[in-house]
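Let me begin by presenting the structure, written as structure tokens, before commenting on it.
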Amino acid sequence: MSLRGLSPRFWVAAGIVAFVVLVGVLGPLILRTDPDTTVGGLYDKPQCCGKLLLGTDNEGQSVLINLVYGTRTSLIVGLIAGLIATAIGLFVGLVSGYRGGWIDDVLSAITNVGLAIPAIVVIILVSVSLPKRNIYTLAVVIGLTAWFWVARSVRAQSSSVREREHIDVAKLSGAGFWSILARDVLPYLLSYVVMAAVLQISSAILFESTLSLLGLGPGDATSLGTMLYWAIAWGSVRTGAWWAFVPPTLMLTLIVFGLLLLQSSLNEVFNPRLRRGRAARRRMVTQVTEPETVGAAGLLTGTEPR
Amino acid sequence: MGTLVDARNIRGVYYTGAKDVVAVDDVSIRVEEGEVLGLAGESGSGKTTLGSIISLIARPPLHVEQGTLEIDGKVQELGGDARIPRTWRGSVVSMLPQGAMNSISPTKRVRHLVWDVMRSHDRRISKEVALDRARERITALGLPVRVLDAYPHQLSGGMKQRVVTIISTLLNPRLLVADEPTSALDVSSQKILIEMLLEMLDQKFMSGVIFVTHDLPVLRTVATKIAVMYQGRVVESGPTQLMVDRPQHPYTKALMSSVLTPEPKYSKIRIEGMSGFDRTSFDAPAVIHS
Amino acid sequence: MIYDVSHLTKVFGRGRHQVRAVDDVSFELEEGQITTIVGESGSGKSTVARMLLGLLPITSGTLTFRGKDVTHLRDRAEYWRQVQAVFQDPFSSFNQFFTVGKLLNRSMKLVGKEAGQQRLEESLGHVGMDLEVLDRYPHQLSGGQRQRVMIARALMMRPALLIADEATSMLDASLRVNILNVLTDLRDSLGMTVLFITHDIGQACYLADRVLVMEHGKMVEQGPTDEVIFSPRHAYTKRLLADVPKLHSALELEQP
């Protein structure tokens, strides 16, 4: 695909995500200060410039430094958890959809049960019972509870790819089960999986901050959620110390918004049809998508083509 | 009987970014009152594109660069930014697209489609009037009225195709352009559809048909005249019998010789089809029989 | 006789939603002949093909290939060396991410590496293509070229039996004749047995030595081509033939 074909939406999304990643990766390297260092008093107002750009928090630590480290934590957790969830979901969905039969029945049942249990409850219970909560265990726990819907949608896709004749052709050529799965089924789902991974990352980031907000965050690192937890616990909202809670909230919103936008613009790239017809097509009685016969029913109904 | 449709000098081009593809290259065709013109050709010949231009539904990436359409003495410019009056589409010319029978909404009953079609041309028409018209047509053509209450999946392929064909002419268009209406059907359903189409023409539900297909034997049973397209041009046109029995243009000959029907000679001989012909000869000037 | 199909039945679904897609079908394939199954959509002809290929489990009946019972094979590798297929859709039968070379190379596992390269060139030769095509992706080929590549893939194994399931129905008439000629050439030069499945009696008439007619899962008539097509006995075959549009009107008058 050529870069020219990408929509402005994609570039905006990519810009936001790149910005967040830069903050999380370069921020700590540039500021070179431990986020636990005390640099001022309780809720010092923001001032120009340097470490006190965003003021201090309840312990007199720099909000700016905490913000960049928190962003890094969120990204690490999101990435690890998102990749774990996508990988497990992909594997289960692929096997279940392609193989069918009783294996499919069993895997689908597990998936459905998993979908029915509210993940947040499980995560809270597991994280409470963890002997040591660091960002990695947290990421793994989130990842292990989030793969169900990936599995479900990958299963639907792979069972439809299974109907394609090229699968039969591969069998007749002597290709084995795993070879077909990896080379004939997976490539057809890849674009979809990339999008699912992006969504998983964003939801894992939200999960992590929810946990941290509840006080179940990682013990060894600052995260955007723990910043909010302390801000609330120490009455920053009441005292008007907005700099303690607005920056992490904005950063979280930016990360999640950027990822969601990225996902939907990737969707446009992978499914060019979405770019063209849009709403107009939905209004027509029929839904023909072959270029030469577009608007079948538009014609039957005499709807103005667009 | 006079001329119903006179389409002149039509040129249709797909603007695809990298390079423009000329799909229809300066084509003129004519349909007389009460006749079926068969538009034949293989994939990529431009027959569907021509059909969609004549039924006034060309839209990007397809651009009509030039051409005029004359129906009942009224001339409509097609090229460039020509504005096509809303009343023409559907009620003067109606298009039955390829695969229309499989693209109707599966969750709506047939009568809903009828109502949609009628309403799109007359906002004030009542549901009852619309349905009455459909009922009348369906009865006149010998179909059971209950198809109106059916969902598409409850109808067989042949029945579905007959129903959408009837619906596409509810507005009494002067011309019906039908794109491969028989291709997805079994031979028996094909035969029934063709008989119905001719009956509709008899009863003046429409006054002329352009029948677009790759299937020459089907055309022989339905068309009054045949026009053969190749690479965006009409290479030969004339009365059906003449076209089938004594084709003149090398491409038409090649096309006719590739057709396999259950006739005794085909079980004995070997046919070379198109590869038996010199492709450069296909560029010979068009042959137009009157 | 190379293949014996006896009382083959396929039932889809359970209970009240049962559909007998193939119902007690029996026939034989003669070595070195082209046999055609003719039937309209829903007649069960493709289901027969998929069962013969071992791509679909069989409800009941037996398949005997060269005297060996092949109804329920666990390992089909050896079977697929001898029984190969070409499918209907020249688009979806390709993995769009594979070049032609990669597609053909896959068969090496069954053919063996040494013989492979030679077979590859040989197979492409049979369908009139040269080695340049190996670097192409399917979207760079025309429909006719794609079907020829698919035949070449099947020929890599030098199969004794080639099953072609509507292999020409999505092609233009001019290309169709071409593919049919490839099949007759394979029969004549390699003595290959071909089972050709089609809805088009015209093609059956041109190609087949024997014709089998299927309707609603049942085999209603079978025999040598001339007998079945020019003096059909079963009512269904008669109707089918009467409804097929002919190119020359004189013939239509001869039909009852």
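Order of the sequence lines fixes the chain letters, A, B, ..., with proteins taken first and strands second; residue numbering starts at 1 for each chain.
Using a 4.5 Å cut-off between heavy atoms, Leu240(C) contacts chain B through both its backbone and its side chain. The contact between Asn178(C) and chain B is made entirely by side chain atoms (from C-beta outward), counting heavy-atom distances below 4.5 Å. Of the two parts of Asp226(C), only the side chain, counted from C-beta on, holds a non-hydrogen atom closer than 4.5 Å to a non-hydrogen atom of chain B. With a threshold of 4.5 angstrom between heavy atoms, Ile269(B) approaches chain C through N, CA, C or O but not through any side-chain atom. Residue Glu272(B) touches chain C through both its backbone and its side chain, counting heavy-atom pairs closer than 4.5 Å.
Counting all heavy atoms, side chain and backbone alike, Lys246(C) lies closest to Arg220(B) at O-NE, 2.7 Å. Closest non-hydrogen pair, Val177(C) versus Ile271(B), comes out as CG1-O, 3.3 Å. Considering every non-hydrogen atom in both Val187(B) and Val244(C), the closest pair reads CG1-CG2, 4.1 Å. The two residues Glu42(B) and Ser174(C) make their nearest non-hydrogen contact at OE1-OG, 2.6 Å.
No more than 12 heavy-atom neighbours from other residues, nucleotides or ligands sit within 6.0 angstrom of CZ on Arg246(B). Crowding of His216(C) atom NE2: a count of heavy atoms from other residues, nucleotides or ligands under 6.0 Å not exceeding 12. No more than 12 heavy atoms of other residues, nucleotides or ligands sit less than 6.0 Å from atom CD of Glu132(C).
Side chain of Asp172(C) to backbone of Ser43(B): a donor-acceptor contact under 3.5 angstrom is found.
The OH atom of Tyr206(C) lies 11.5 Å from the NZ atom of Lys265(B); values are rounded to the nearest 0.5 Å. For the atom pair CG of Leu260(B) and CD1 of Ile201(C), the computed distance is 13.0 Å after rounding to the nearest 0.5 Å. For the atom pair OG (Ser189(B)) and CD (Glu40(C)), the distance works out to 7.0 Å, reported to the nearest 0.5 Å.
Within the structure, ring pair (Phe, Tyr, Trp, His ring centres under 6.0 Å) contacts touching residues 227-281 of chain B (residues at least two apart or in different chains) are Tyr230(B)-Tyr251(B), Tyr230(B)-Phe282(B), Tyr251(B)-Phe282(B).
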Practice task
Apply the test side-chain contact (heavy atoms from CB on, under 4.5 Å) to residues Ser41(C) and Asp186(B): give CA-CA distance (whole Å), side-chain angles for both, the deciding distance (0.1 Å), then the verdict.
Solution key: CA-CA 7 Å; Ser41(C) 53; Asp186(B) 290 339; 3.4 Å; yes
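When side chains are defined from C-beta on, Arg239(C) counts as touching Ser188(B), because their heavy atoms get closer than 4.5 Å.
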